[in-house]
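Notes follow the structure.
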Amino acid sequence: MAATGETTPTGKDPATLTHAEAVERARGMADDIRARAPEGEALRHIPEATIRGFIDAGLVRLLTPRAFGGHELSLDTFADVTIEIARADASTGWCFSFLNIHSWLLAAFPVEAQEDVWRKQPDAALVDVNVPAGQAARVEGGYRLSGDWPWASGAHHCDWAMLAGVVSPEPGAEGGPPDVRLFLVPREHLEIRDTWRVAGLRGTGSHNVVVKDKLVPQHRTARMAELSGGQAPGTRFHANPLYRLPMITGLAASLVASILGASQGAYQRWRAATRDRCTMYSREQVASLSHQQIRLAEIAAEIDAAELLFRRALDTVRSGAPLSMEQRVRIRRDYAYSATLCARAVERLYNASGGGANYESNPLQRDWRDVHAMTAHAGVNFDAAAENFGRMELGLPLNPRDPLA
């Protein structure tokens with residue numbers, strides 16, 4: 001992806017967007033995104049014209065710090081824009097959310113790493129895979145990294161990747177807690193392994209990425225434990241409390257925003273189709289059937305409830321005050337249950353759509369596949385989130401296997 005200009009860590013981009021401008025620009029792109037959804041499925045990645053459109057509209061810098069030419073907007077703005085995009089197409093909303101939240105994550109790295117990426121490429125696209133599928137060995141000046149990482153959404157349009165790996169212990173230090181880090185790797189050190197042949201989210205290009213014995217300088221790494229606690233090196237450089245949020249609080253918000261938008265889009269398409277449908281034999285208008293009206297109310301209520309839980313979580317984050325462990329646990333529960341409600345709603349509307357929804361020409365079958373694929377992400381796994389909430393409520397220690405604990 002070509003750079004659009006250079007910035008320095010001291011300059012503020014005069015073209016910083018407002019919340020309203022960002023949302024309006026996203027709405028203006030919706031028709032084109034919706035029209036390209038079948039193309040994205042066929043390509044198995046987001047069309048280049050869509051990525052270029054995001055860059056030209058300034059929408060890939062929503063969460064990039066102002067120090068590096070970004071808009072440094074809030075999670076609320078990021079969520080609202082992502083919802084607009086995902087209503088048009090789930091795969092595009094998924095990748096769009098990552099274009100921004102991964103920039104937010106990069107802001108937690110040492111400032112030298114941020115300069116490496118944004119000094120010449122303020123619109124750089126980053127992939128992030130938190131599965132520790134890499135192995136790293138300490139060497140002079142950094143680490144030698146190798147690995148094969150799955151689920152690298154947006155791999156085709158990425159410029160850099162943040163990849164999790166375990167550092168081999170020093171001699172004599174075996175048996176201690178593993179040193180798990182994110183490693184920042186440039187595109188030229190990546191190989192894309194074509195693995196993304198799937199039922200849902202086909203357009204995200206979530207292939208495997210492979211690194212073979214590449215040097216990663218020390219300043220291009222960040223400890224997972226520090227990222228998880230909102231205490232990574234970049235938090236001391238950026239004054240905005242946005243950049244001190246725990247890692248999962250930001251990353252899971254990106255998942256829920258795209259899931260919620262995709263579910264709202266599916267509901268809007270299903271509602272419009274229901275108004276025009278007739279029963280096969282009696283030719284009654286489907287909209288006149290009371291059971292269909294009741295089902296519609298139930299589906300709409302579930303999606304509304306999902307949004308209310310999500311907005312409550314964002315309300316908690318907005319103040320910028322440090323989050324207590326109780327708040328973190330509840331936010332994670334609310335994120336996960338929002339996703340669960342969306343999956344239920346989309347399942348209901350698909351089942352109420354009749355046999356016509358099964359045709360590939362009907363976008364509802366893609367909505368159904370995509371939302372179920374989205375809600376399978378570990379970041380919104382309700383069982384894991386609910387267990388820790390239950391343990392906290394009952395006065396028990398959190399599950400140590402959970403990354404939040």
Side-chain angles (χ1 to χ4, degrees), residues 1-4 40 43-48 50-52 54-55 60 64 91 94-110 112-139 141-168 180-198 201-224 227 247 251 254 377:
M1 192 178 302
T4 59
L43 292 170
R44 292 181 296 123
H45 62 80
I46 304 302
E48 177 60 30
T50 298
I51 301 299
R52 174 51 52 191
F54 291 146
I55 293 172
V60 299
T64 303
S91 286
W94 189 256
C95 288
F96 173 82
S97 75
F98 291 163
L99 283 171
N100 282 284
I101 206 66
H102 292 167
S103 291
W104 168 82
L105 183 57
L106 177 62
F109 273 67
E112 296 86 355
Q114 300 176 50
E115 290 173 343
D116 288 348
V117 174
W118 285 321
R119 185 175 60 247
K120 293 184 178 180
Q121 285 186 291
D123 293 314
L126 294 106
V127 158
D128 170 50
V129 182
N130 297 318
V131 177
Q135 301 80 43
R138 289 181 177 87
V139 296
Y143 304 85
R144 304 296 303 191
L145 179 69
S146 297
D148 185 345
W149 288 264
W151 304 308
S153 296
H156 278 87
H157 57 255
C158 81
D159 299 298
W160 294 77
M162 296 175 288
L163 305 170
V166 180
V167 179
S168 301
V180 183
R181 293 175 177 261
L182 276 185
F183 296 86
L184 179 65
V185 180
R187 173 64 179 261
E188 57 265 28
H189 290 174
L190 302 175
E191 298 176 16
I192 297 177
R193 190 160 68 86
D194 189 331
T195 55
W196 196 241
R197 300 179 183 278
V198 293
L201 290 179
R202 287 179 185 169
T204 61
S206 303
H207 299 282
N208 283 42
V209 292
V210 178
V211 175
K212 297 179 180 177
D213 192 31
K214 297 298 183 181
L215 175 66
V216 181
Q218 177 71 37
H219 71 268
R220 291 185 187 169
T221 75
R223 290 181 183 272
M224 276 291 199
L227 292 167
M247 178 176 168
L251 294 184
S254 75
H377 194 287

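We number each residue from 1, following the sequence as shown.
- Put simply, the side chain of M224 does not reach to within 4.5 Å of the side chain of R181, judged on heavy atoms.
- What you find for I192 and H207 is that their closest heavy atoms are CG2-CB, 3.7 Å.
- For the atom pair CG of N100 and CZ of F54, the computed distance is 9.0 Å after rounding to the nearest 0.5 Å.
- In this structure, P110 and T221 approach most closely via the heavy-atom pair CD-O, 3.5 Å.
- In this structure, L99 CG and D123 CG are separated by 10.0 Å, a value rounded to the nearest 0.5 Å.
- Atom OG of residue S146 and atom CG of residue L163 lie 11.5 Å apart, to the nearest 0.5 angstrom.
- The structure places CG of D148 at 9.5 Å from CD of Q135, a figure rounded to the nearest 0.5 Å.
- Across F183 and A136, no two heavy atoms sit closer than the pair CZ-CB, 3.5 Å.
- Salt-bridge check for R187 with D159: failed, with every basic side-chain N at 4.0 Å or more from each acidic carboxylate O.
- Judged by distance alone, the side chain of Q218 and the main-chain N or O of V216 form no donor-acceptor pair under 3.5 Å.
- For the pair D116 and W160, the tightest heavy-atom approach, listed with the atom from each and the gap, is O-CZ2, 3.7 Å.
- Put simply, the side chain of L105 reaches to within 4.5 Å of the side chain of L182, judged on heavy atoms.
- Side-chain atoms of T195 and N208 include a donor-acceptor pair closer than 3.5 Å.
- Looking at R44, its side chain does come within 3.5 Å of a backbone N or O of W196 through a donor-acceptor pair.
- Contact of the L251 side chain with the D128 side chain is registered, since non-hydrogen atoms from C-beta on lie closer than 4.5 Å.
- Between H45 and H157, the closest side-chain pair of non-hydrogen atoms is not below 4.5 Å.
- C158 and L190 make their closest contact through SG-CD1, 3.9 Å (heavy atoms, listed as atom of the first residue, atom of the second, distance).
- Contact annotation: the side chain of T204 never approaches that of I46 to less than 4.5 Å [non-hydrogen atoms, C-beta and beyond].
- In this structure, A113 and R220 approach most closely via the heavy-atom pair CB-CA, 4.1 Å.
- M162 has its side chain within reach of L126: a pair of non-hydrogen atoms, C-beta onward, lies under 4.5 Å apart.
- Side-chain atoms of Q114 come within 3.5 Å of backbone N or O of A107 as a donor-acceptor pair.
- Listed for the R202 side chain is a donor-acceptor partner under 3.5 Å among the backbone atoms of V198.
- The NE2 atom of H189 sits 5.0 Å away from atom NZ of K214, with the distance rounded to the nearest 0.5 Å.
- Of the possible polar contacts, one joining the S91 side chain to the G203 backbone as a donor-acceptor pair under 3.5 Å is found.
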request  = I would like to know whether W149 and V211 meet side chain to side chain contact (heavy atoms under 4.5 Å, CB included); could you show each step before the answer?
outcome  = CA-CA 9 Å; W149 288 264; V211 175; 3.7 Å; yes
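- Inter-residue side-chain proximity for T64 and W104 is flagged as unmet; no heavy-atom pair is nearer than 4.5 Å.
- The ring pair (Phe, Tyr, Trp, His ring centres under 6.0 Å) check on H377 picks up W94, with sequence neighbours excluded.
- Here the CZ-OG distance, from R144 to S168, works out to 13.5 Å after rounding to the nearest 0.5 Å.
- Using a 4.5 Å heavy-atom threshold, the side chains of F98 and V127 count as separate.
- In this structure R138 satisfies the side-chain contact (heavy atoms from CB on, under 4.5 Å) test together with Y143, V167, E170, D179, sequence neighbours excluded.
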